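Heads up, the thing below is written out as structure tokens.
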Amino acid sequence: MGSRRYFYDLIAKNLRLYVRPGDTMALVCSSSDLLPTMFPESSIWDSGVPDTDNTVDYVVVSSCIHYERDIQSFLHRLRNHCTSSTRVIITYYSSLWRPLLNLATRLDLRIKTPEQNWLAPEDIENLMRLSGYEPVRTDNRILCPVYIPLVSAVLNRFVAPLPLFRSLTMLNILTVRPLAVSGTLPAQPSVSVIVPARNEAGNIENAVQRLPAMGPDDELIFVEGNSTDNTWQMIQEIKERYGSTRNIVIAQQSGKGKGDAVRKGFSLATRDVLMILDADLTVPPEDLPKFYEAIVGGYGEFINGSRLVYPMEGRAMRFLNMIGNKFFAMAFSFVLGQRFRDTLCGTKVLSRSHYEKLARHRKYFGEFDPFGDFDLLFGAARLGLKIVEVPVAYRDRVYGTTNISRWRHGLILLKMLLFAALRMRFI
């Protein structure tokens with residue numbers, strides 16, 4: 001295998017983490033770049049950006065940052081091809097590798113491409129912000145750009161992503177989202193609040209009474225499944241009692257687990273914003289407007305609750321659960337490339353359009369999530385969505401007992417995390 005072909009195959013493999021079949025993509029590349037052969041179905045903007053205003057899902061800028069005389073103007077031109085859902089993916093070389101790349105050029109191991117810009121990641125991220133983009137994720141890839149049987153595969157897949165070695169890698173892949181462009185949400189969207197409920201009869205009426213209005217025409221969706229108390233009867237009574245003043249949708253899941261209930265609720269949802277509210281009400285319904293303001297204000301595209309910021313009530317979380325939360329928060333931050341303080345909070349919010357795109361590619365991470373919110377996290381990270389956390393006050397449960405088995409579900413979560421690591425970080 002030729003060294004150049006192997007190198008560009010590596011880049012294409014990493015980019016396919018984000019760019020999926022069916023996505024529209026344009027490549028901005030130098031004339032010597034081999035990436036167009038890796039994505040023959042995509043538009044190619046060779047050494048420049050066209051003057052049209054056609055928009056795409058992804059714009060991949062392959063190493064052009066090294067050759068542009070005015071990077072800021074170049075980035076401004078790119079914005080004509082972006083909506084708020086477009087992701088711009090920029091690849092550029094680490095300055096640490098500059099002497100080796102120059103040597104490879106002199107030895108005719110690579111085409112002569114006199115790079116004039118060798119910028120630090122901090123400089124490129126600053127240029128992004130000046131040009132109206134927000135960095136979402138940075139990947140550091142490729143320790144061995146030439147093919148050595150077995151050695152290069154081990155170094156590039158398993159060693160390069162590790163914290164100590166990331167600073168030594170050759171290639172940086174920066175994903176950014178454009179700001180202040182046309183969005184996917186109306187100015188004041190309505191909300192579908194999905195409440196999965198199992199053995200939560202004593203919390204149903206409280207959920208209805210305490211849920212604040214957010215959009216002009218919100219809906220509340222209860223999905224019950226496999227309860228051993230009278231949860232389903234209570235849901236039916238509440239719909240009858242409050243149906244004239246609240247838009248309440250009720251359903252029973254056909255499968256098992258919170259994940260199945262969440263997916264059932266999302267399939268019934270008709271509003272622009274989707275929210276999950278756990279029926280135990282340990283995250284107060286009164287906190288949901290904070291999530292609404294975060295997504296409508298454009299501060300994030302996937303809003304995750306965090307219970308580990310404010311003091312929590314005494315019995316809200318057991319000590320070992322706290323330790324598990326902190327461990328999984330660090331592990332998820334490493335795997336998904338965005339910082340998390342609390343991944344196990346059940347309150348999560350995203351737009352329905354992003355959910356539908358995410359759901360089409362759910363199989364990439366497997367379909368064994370019994371919780372219903374972790375494949376949302378994985379999918380949001382793969383879409384390059386900006387994930388932000390909203391601190392919430394975590395309360396004691398006032399009715400019933402938890403449906404979570406600490407050890408059994410912890411092992412399932414660990415399995416999911418390892419699977420996602422192989423699909424996102426060690427690729």
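This chain uses plain numbering: 1 for the first residue, then up along the sequence. Quick caveat, the model's predicted, so the values are computed rather than measured.
A donor-acceptor pair shorter than 3.5 Å cannot be found between the side chains of S85 and T83. In this model, a donor atom of one side chain and an acceptor atom of the other lie less than 3.5 Å apart for N199 and T228.
Judged by the 6.0 Å distance and 45° axis criteria, R87 is not positioned over the aromatic ring of Y18.
Pairs passing the ring pair (Phe, Tyr, Trp, His ring centres under 6.0 Å) check and including a residue from residues 152-180, sequence neighbours excluded, do not occur.
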Check against side-chain contact (heavy atoms from CB on, under 4.5 Å), M170 and S94: CA-CA 5 Å; M170 175 183 180; S94 168; 5.8 Å; no
Criterion side-chain contact (heavy atoms from CB on, under 4.5 Å) on Y92 and N117, from CA distance to verdict: CA-CA 10 Å; Y92 62 99; N117 300 318; over 6 Å; no
side-chain contact (heavy atoms from CB on, under 4.5 Å) assessment of I427 paired with L17: CA-CA 9 Å; I427 58 177; L17 170 64; 4.2 Å; yes
side-chain contact (heavy atoms from CB on, under 4.5 Å) between R79 and V59, worked out: CA-CA 10 Å; R79 285 167 56 81; V59 178; over 6 Å; no
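Note on K258 versus D278: salt bridge recorded, some NZ/NE/NH1/NH2 to OD/OE distance being below 4.0 Å. The residues R360 and E356 are annotated as not salt-bridged, no charged nitrogen and carboxylate oxygen being separated by less than 4.0 angstrom. Looking at D9 and R5, a side-chain N of the basic residue comes within less than 4.0 Å of a carboxylate O on the acidic one, giving a salt bridge.
Remark: N156 engages Y6 in a side-chain hydrogen bond (donor to acceptor under 3.5 Å, both in side chains) (not counting sequence neighbours). Looking at residues two or more places apart in sequence or on another chain, you find no salt bridge (Lys or Arg N to Asp or Glu O under 4.0 Å) involving D218. Scored by the salt bridge (Lys or Arg N to Asp or Glu O under 4.0 Å) test, R425 finds D139 as partners (sequence neighbours excluded). In this structure Y58 satisfies the ring-ring contact (aromatic ring centres under 6.0 Å, His included) test with no other residue, sequence neighbours excluded. With sequence neighbours left out, R362 forms a side-chain hydrogen bond (donor to acceptor under 3.5 Å, both in side chains) with Y355, D375.
For N14 (side chain) and N140 (main-chain N/O), no donor-acceptor pair under 3.5 Å exists by modelled atom type.
H66 and Y93 have parallel rings, their planes meeting at less than 30° on a 0 to 90° scale where 60° marks the start of perpendicular.
Taking the six-membered ring for Trp and the full ring otherwise, the centers of F365 and F374 sit at least 6.0 Å from each other. Between F332 and F378, a ring centre-to-centre spacing shorter than 6.0 Å is recorded.
Residues F291 and V392 are in side-chain contact: their nearest non-hydrogen atoms beyond the backbone lie under 4.5 Å apart. With a 4.5 Å cut-off on side-chain heavy atoms, I124 and N172 do not count as touching. Counting only heavy atoms from C-beta outward, the side chains of I71 and L75 approach each other to under 4.5 Å. By the 4.5 Å heavy-atom criterion applied to side chains, L179 and R129 are not counted as neighbours. M25 is not listed as a side-chain neighbour of V56, based on a closest heavy-atom distance of 4.5 Å or more.
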